[in-house]
Engineer: 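Handing you this structure, nothing more for now.
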Amino acid sequence: MALWIYNYLTREREQFEPLQEGYVGMYACGPTVYDHAHLGHAKTYVALDVMVRYLRHLEYDVRYVQNITDVGHLLDSGEDRIIRKARLERVEPMEVAATYERSYFEDMDALGVQRPNIAPRASGHIPEQIQVVETLLEKGYAYETEGGDVYFAVERVEDYGKLSGRDVEDLEAGARVDVRDEKRHPADFALWKHADPEHILRWPSPWGWGYPGWHVECTAMATRYLGETFDIHGGGVDNIFPHNECEIAQSEAATGEPFARYWVLTGSLTVDDVKMSKSLGNFVTIKDALETYSPEAIRFFILSSHYRKPVDYSREAMLGAERGVKRLHNTVRSLRQRKERAAPSGIVDRSEVDKLAPYSERFLEAMNDDFNTPRAIAALFDLNREVNELLNSGKSLGQATWKAIDDVYRELGGRVLGIIPDQLTDEVSGELVEGLMDIILGIRERYRRNKEWQEADALRDRLAKLGIVVDDRPEGPIWRRESGSG
RNA sequence: GGCGGCGUAGCCAAGUGGCAAGGCAGGACUCUGCAAAAGUCCCAUCCGCCGGUUCGAAUCCGGCCGCCGCCUCCA
């Protein structure tokens, strides 16, 4: 089974073959850290996270690089986003960047998004960026203006627009042209911007004091950590133009080599069918979402649609996700409890475990088909039904057999999709709670044996008020903590 | 205006030539003191609309309608 990836560069599904056997270099455009991340960011980074996780499942050694933009990302007004925020909050620009970078990683950690191997900051790679600009000037792909700005000359590149399917001539017609600047072509983009002394975020360069343009950082950092040509470049589609296009143009012009080989772009998150974005104000921060929904539900919601498609955020959809993921968790919880209570046998009952193999295969087939997580999740649910039947069948299997089944969940639902934690929340209650619950349920069992239903039910109701749900199973009562709104 | 994409049940969502996956919600039943969990069954003769190609189309072609993204703020 081979992995196939839809490559935006060729607009075709292609069999994935890394540059170097067994090794994958992957880059993703990270956030500009001037505010808290919202669910739109979550969609992109959860989707990319699952790709990385799956590549690792396939035993590729993945180096995942995701930049942190802390300088150079300009507003329409020409003002740097970070600096603007710093001015509004009366703090150092780097304080803004540090604050929101921390916030970003807190959110990603909470969502189970694995950290990139390297998360380089733009401000920490100014010399590398200057080097790229110098190379481009030397090779004649860029020009310096009298004001001390350096621009990339789009017309010098034959295939400019190849990723987004854009034509330089069309751009001229529709471009929002800034009349004041000294660009030779409206689509030319800044590599280096001059900055006056009152500009608080600036560095010396061969062209005087200034700061790098937004796009250069990705070229500088991607090539530095992954090489001139690397395997996969990911990001949100909304950055396909101009950002990704500019990255390709300047990178390939500077190195003379192809840049990223496979481009994977994620569809946007929408609210009422309109893209969630800072500028529209229709965003929900990840922190806010986590107040209401579990991290697994948020991941489930994102992964239940294919990464290239847009996803519409709604309370209804989120509740559906919450319930769906809970269904998987319920089975896993029962499975693990059964494992704990089973006879410690080291022999795996192959006939039982082999029955589940087709579901794993379907899961992997789906993932191999351009990371088709919705289909993978469907396979997981079919597996779930099979496992529930087994749990209900009353068959007494040895510990090793239950463990083998649990391992399937841990690998596919846990390690690959990140929607099944290694420890469910109520599995980490600690000895004290475990002990107290044993006592309480023991008392309740005595009431039940004596058919004192009112007493038994009252106890169950009081526990429910504390968020503890008790299920009376034929093999004895089990309990779980119910959190969130699901 | 240019480029790209989408429209599948009440909701979410796979499927891209052979008689519509999966989840949520809903209904019936089984188990059960009750509840919960779980299981079984039911829940789109139909895939925006209209034509065409084909033995056969949600899937291909043409037209139409509606919606969205990008076109230098955006993951």
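Every chain is numbered from 1, with letters handed out A, B, ... down the list of sequences.
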Engineer: Considering only heavy atoms and no angle criterion, is a donor-acceptor pair shorter than 3.5 Å present between the side chain of A/Arg375 and the base of B/rA21?
Structural biologist: no
Engineer: Base, sugar-phosphate, or nothing: which does A/Asp472 touch, judged by heavy atoms less than 4.0 Å apart?
Structural biologist: base
Engineer: So, OP1 or OP2 of B/rC24: does either fall under 4.0 Å of a side-chain N or O from A/Lys326?
Structural biologist: no
Engineer: Nearest to the side chain of A/Asn239, which nucleotide is it out of B/rA14, B/rC68, B/rC74?
Structural biologist: B/rC74
Engineer: Do the side chain of A/Glu296 and the main chain of A/Ile420 share a donor and acceptor less than 3.5 angstrom apart?
Structural biologist: no
Engineer: For the side chain of A/Arg448 and the base of B/rG33, is some donor closer than 3.5 Å to an acceptor across the two?
Structural biologist: yes
Engineer: Under 4.0 Å, counting only non-hydrogen atoms across every strand here, what does A/Ser304 touch: a base, just sugar-phosphate, or nothing?
Structural biologist: sugar-phosphate
Engineer: Kindly point out which of B/rC3, B/rA13, B/rU40 is positioned nearest to the side chain of A/Pro374?
Structural biologist: B/rA13
Engineer: Would you mind pulling out the nucleotide paired to B/rC3, Watson-Crick or G-U wobble, both distances under 3.5 Å?
Structural biologist: B/rG69
Engineer: Nearest whole angstrom, please: distance from the C1' of B/rA13 to the NZ of A/Lys309.
Structural biologist: 8 Å
Engineer: Does any nucleotide pair with B/rC47 by Watson-Crick or G-U wobble geometry, both distances under 3.5 Å, and what is it?
Structural biologist: none
Engineer: Within 45 degrees of the ring normal and closer than 6.0 Å to the centroid, is that where the cationic atom of A/Lys278 sits relative to A/Tyr34?
Structural biologist: yes
Engineer: If you check the A/Glu316 side chain, which of B/rC11, B/rG23, B/rC74 turns out closest?
Structural biologist: B/rC11
Engineer: Assign A/Thr32 to base, sugar-phosphate, or nothing according to its heavy-atom contacts below 4.0 angstrom with the strands shown.
Structural biologist: sugar-phosphate
Engineer: Check this for me: does the side-chain of A/Asp167 come within 3.5 Å of the base of B/rC3 through a donor and an acceptor?
Structural biologist: no
Engineer: A/Arg338 CZ to B/rA38 P: how many Å, rounded?
Structural biologist: 14 Å
Engineer: Should A/Asn392 be listed as having a side-chain N or O under 4.0 Å from OP1 or OP2 of B/rA38?
Structural biologist: no
Engineer: Measuring to OP1 and OP2 of B/rC6, would you say a side-chain N or O of A/Arg308 lies under 4.0 angstrom away?
Structural biologist: no
Engineer: Report the base-pairing partner of B/rA28 (Watson-Crick or G-U wobble, both distances below 3.5 angstrom), or none.
Structural biologist: B/rU40
Engineer: Would you call A/Glu155 and A/Arg184 a salt bridge, using N to O less than 4.0 angstrom?
Structural biologist: no
Engineer: Which of these nucleotides, B/rC74, B/rC12, B/rA25, is closest to any side-chain atom of A/Ala317?
Structural biologist: B/rC12
Engineer: Could you give the distance separating B/rU16 and B/rA21 at their P atoms, to the nearest angstrom?
Structural biologist: 13 Å
Engineer: Looking only at atom P, what distance separates B/rG15 and B/rA75, rounded to whole Å?
Structural biologist: 28 Å
Engineer: What's the CG-P distance between A/Leu163 and B/rC71, to the nearest Å?
Structural biologist: 14 Å
Engineer: Can a side-chain donor-acceptor contact be found between A/Asn392 and A/Glu389 if the only test is distance below 3.5 angstrom?
Structural biologist: no
Engineer: Answer with yes or no whether the side chains of A/Ser294 and A/Lys326 bring together a donor and an acceptor at under 3.5 Å.
Structural biologist: no
Engineer: Closest approach to the side chain of A/Asp471, judged atom by atom: which nucleotide of B/rA14, B/rA36, B/rA75 is it?
Structural biologist: B/rA36
Engineer: Determine the Euclidean distance between corresponding C1' atoms of B/rU30 and B/rG23; express it in Å to zero decimal places.
Structural biologist: 23 Å
Engineer: I'd like the C1' distance from B/rC47 over to B/rG18, given in whole Å.
Structural biologist: 16 Å
Engineer: Can you say whether a donor on the side chain of A/Arg327 sits under 3.5 Å from an acceptor on the base of B/rC24, or the other way round?
Structural biologist: no
Engineer: Determine the contact category for A/Leu391: base if any of its heavy atoms lies under 4.0 Å from a base atom, sugar-phosphate if only primed atoms, P, OP1 or OP2 are that close, otherwise nothing.
Structural biologist: nothing
Engineer: Let's see if you can work this out: which of B/rC34, B/rA75, B/rC67 has an atom nearest to the side-chain heavy atoms of A/Arg460?
Structural biologist: B/rC34
Engineer: Checking all strands, does A/Asp238 fall into the base, sugar-phosphate, or nothing category for heavy-atom contacts under 4.0 angstrom?
Structural biologist: base
Engineer: Go ahead and name the base partner of B/rU59; Watson-Crick or wobble counts if both distances stay under 3.5 Å, otherwise write none.
Structural biologist: none
Engineer: Decide, applying a 5.5 Å centre-distance limit and a 30° plane-angle limit (both strict), whether A/Tyr45 stacks on B/rA75.
Structural biologist: no
Engineer: Answer yes or no: does a side-chain N or O of A/Asn372 lie under 4.0 Å from OP1 or OP2 of B/rG15?
Structural biologist: yes
Engineer: Looking only at atom P, what distance separates B/rA57 and B/rG66, rounded to whole Å?
Structural biologist: 28 Å
Engineer: Donor-acceptor pair, A/Thr270 side chain versus A/Val311 backbone, under 3.5 Å?
Structural biologist: yes
Engineer: Under a 4.0 Å N-O cut-off, is there an ion pair linking A/Glu445 with A/Arg448?
Structural biologist: yes
Engineer: What is the distance, rounded to the nearest whole Å, between atom OH of A/Tyr313 and atom C1' of B/rA13?
Structural biologist: 18 Å
